[in-house]
K.L.:
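Please see the structure below; I have some questions.
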Amino acid sequence: QLVTSNKRRSAIIMIGFVIFVLAVSWVMVRALDLSLSLVGVAFIFSGLMSFASYWWSDKIILAISSARPAKREEFFDFYTTVENLAMSQRMPMPKLYVMDDRAMNAFATGRNPENAVICATTGLLQRLNRSEIEGVMAHELAHIGNYDILLMSVVSILVGLVALLSDWFLRMTFLGGRRRKSNDRGGDQIQLIFMALGLVLALLSPLVAQLIKLALSRKREHLADSTGVAYSRNPMGLANALEKISQDHEPLRAANKATAHLYIANPLKNHRDAIGMFSKLFRTHPPIDERIKNLRALAQGQQS
């Protein structure tokens, strides 16, 4: 039931995002009296950039992270828990990598289950027991099984489209745009309204699009938690792992803002930079306390 609820919320956010992008595109095209070809060009440009990062996502992130292949004999619990989980879910065995870093974290990437990668830090593998490692790996396999990399790549295309349209709109408005040839005073007033609305959207829509992307990223983390529990049937394994991860205040050296959303927990350790009621809006991950609470509720539900 929790998996279904999380999927439904993600779908609602995604549908709302598409409607928002279509509305922004229509207003900007209408304001400048242009054809929809501008939107098409922007979509293709942002799509090509995002497709390249999606297709080579595993190679790019592994290179950035200075990760190395994980050998079965060196990281036995890591290797065998993923192997067992993949077999139980009839999923292809992902490639396993490790980062030599004391910070506790892990991520999954790859364009599909057949080309998936799971990477963990040595700090995480050394400080978690087998049950906790299994919980983390089930979470990462859930990201793979839920095609979260594909979904977030589509979202990145939409965010890029909004950013390009906003930039082009502001540039064309500054240069004068296309002059509307009309003597209709009412039509001119409507055009001015669209121009004013277009300017507001050009300034605010990139921020709104980014906030929607972050909201979807947080929902996918909740979904991966609940799906991972369905894989491992041990919610306390992941709950205990997240509790230990929350107590680790060392930032991951290889992480940056572009890759932070991939990890099981915020690797930058900078969530306190945002202040007050707006702090949650700019997080790539839901609060760990909230995730642990949900997992413990699942554990109590299994016992009752």
Side-chain angles (χ1 to χ4, degrees), residues 1-3 5-7 70 72 75-99 101-110 113 116-146 148-149 217-248 250 252 260-267 284-304:
Q1 185 179 0
L2 188 58
V3 173
S5 174
N6 283 326
K7 285 184 177 179
R72 181 190 183 102
F75 301 100
F76 183 80
D77 286 343
F78 178 30
Y79 199 102
T80 54
T81 53
V82 175
E83 189 176 48
N84 293 339
L85 288 166
M87 288 177 62
S88 69
Q89 300 305 313
R90 298 182 180 179
M91 294 174 63
M93 177 70 177
K95 296 176 183 176
L96 303 183
Y97 283 78
V98 292
M99 290 180 287
D101 198 299
R102 292 184 301 173
M104 299 175 66
N105 229 310
F107 69 85
T109 188
V117 169
I118 293 179
C119 184
T121 63
T122 52
L124 181 134
L125 298 176
Q126 290 167 359
R127 293 156 66 181
L128 297 185
N129 61 39
R130 184 178 177 88
S131 174
E132 293 161 351
I133 291 174
E134 181 185 53
V136 172
M137 295 309 123
H139 172 98
E140 299 305 334
L141 273 177
H143 275 308
I144 296 169
N146 292 335
D148 284 339
I149 303 300
S217 176
R218 292 191 294 270
K219 291 300 179 186
R220 301 311 287 187
E221 287 301 317
H222 278 307
L223 178 59
D225 284 348
S226 50
T227 304
V229 169
Y231 288 177
S232 67
R233 303 189 183 280
N234 180 21
M236 289 310 299
L238 179 56
N240 293 335
L242 288 175
E243 191 165 16
K244 288 184 179 179
I245 291 171
S246 69
Q247 295 167 1
D248 174 38
E250 186 168 351
L252 185 60
H261 69 281
L262 291 172
Y263 291 85
I264 191 170
N266 177 19
T284 55
H285 297 71
I288 284 188
D289 291 345
E290 183 180 309
R291 296 168 68 184
I292 294 172
K293 181 180 177 181
N294 291 339
L295 290 165
R296 286 176 175 165
L298 285 174
Q300 290 177 355
Q302 287 182 352
Q303 293 172 0
S304 58

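Numbers here simply count residues along the sequence, with the first being 1.
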K.L.:
Return the CG to CG distance between Asn146 and Leu223, rounded to the nearest 0.5 Å.
P.N.:
4.5 Å

K.L.:
Decide yes or no on side chain to side chain contact (heavy atoms under 4.5 Å, CB included) for Met91 and Leu141, but give the supporting numbers first.
P.N.:
CA-CA 9 Å; Met91 294 174 63; Leu141 273 177; 3.9 Å; yes

K.L.:
Assess whether a salt bridge exists between Arg296 and Glu243, defined as any Lys/Arg side-chain N lying under 4.0 Å from an Asp/Glu carboxylate O.
P.N.:
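Looking at Arg296 and Glu243, the cut-off is met.
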
K.L.:
Could you check whether any side-chain N or O of Ser232 sits under 3.5 Å from a backbone N or O of Glu134, counting only pairs where one atom can act as donor and the other as acceptor?
P.N.:
no

K.L.:
Nearest 0.5 angstrom please: Arg291 CZ to His285 NE2, how far?
P.N.:
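Answer rounded to 0.5 Å: 6.5 Å.
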
K.L.:
Could you check whether any side-chain N or O of Gln300 sits under 3.5 Å from a backbone N or O of Ala297, counting only pairs where one atom can act as donor and the other as acceptor?
P.N.:
no

K.L.:
Test your reading of the model: is there a side-chain donor-acceptor pair from Asn105 to the backbone of Ala265, 3.5 Å cut-off?
P.N.:
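A pair under 3.5 Å: yes.
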
K.L.:
For the CE atom of Met93 and the CG atom of Leu85, what is their distance to the nearest 0.5 Å?
P.N.:
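Going from CE on Met93 over to CG on Leu85, the span is 9.5 Å.
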
K.L.:
Between His261 and Glu221, is any side-chain donor less than 3.5 angstrom from a side-chain acceptor?
P.N.:
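Side-chain D/A pair, His261 to Glu221: absent.
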
K.L.:
Decide side chain to side chain contact (heavy atoms under 4.5 Å, CB included) for Val82 and Glu140; before the verdict, give the C-alpha distance in whole Å, the side-chain angles of both, and the deciding distance to 0.1 Å.
P.N.:
CA-CA 9 Å; Val82 175; Glu140 299 305 334; over 6 Å; no

K.L.:
Which distance, rounded to the nearest 0.5 Å, do you find between the CD1 of Ile144 and the NE2 of His139?
P.N.:
10.5 Å

K.L.:
Evaluate the side chain to side chain contact (heavy atoms under 4.5 Å, CB included) criterion for residues Asp77 and Leu128: first the C-alpha distance (whole Å), next the side-chain angles of each, then the deciding distance (0.1 Å), finally the verdict.
P.N.:
CA-CA 10 Å; Asp77 286 343; Leu128 297 185; over 6 Å; no

K.L.:
Answer whether the closest heavy-atom distance between the side chains of Arg127 and Lys244 falls below 4.5 Å.
P.N.:
no

K.L.:
Looking at side-chain heavy atoms only, is the closest gap between Val98 and Leu125 below 4.5 Å?
P.N.:
yes

K.L.:
Might you work through the side chain to side chain contact (heavy atoms under 4.5 Å, CB included) test for His222 and Glu290, ending with a clear yes or no?
P.N.:
CA-CA 10 Å; His222 278 307; Glu290 183 180 309; 3.0 Å; yes

K.L.:
For Leu262, does its backbone N or O pair with a side-chain atom of His143 as donor and acceptor, under 3.5 Å?
P.N.:
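No: the side chain of His143 does not pair with the backbone of Leu262.
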
K.L.:
When rounded to the nearest 0.5 angstrom, what is the spacing between CG in Leu238 and CG in Leu242?
P.N.:
4.5 Å

K.L.:
Of the options Asn234, Thr81, Asn240, which is the one that meets Ser131 in a side-chain hydrogen bond (donor to acceptor under 3.5 Å, both in side chains)?
P.N.:
Asn234

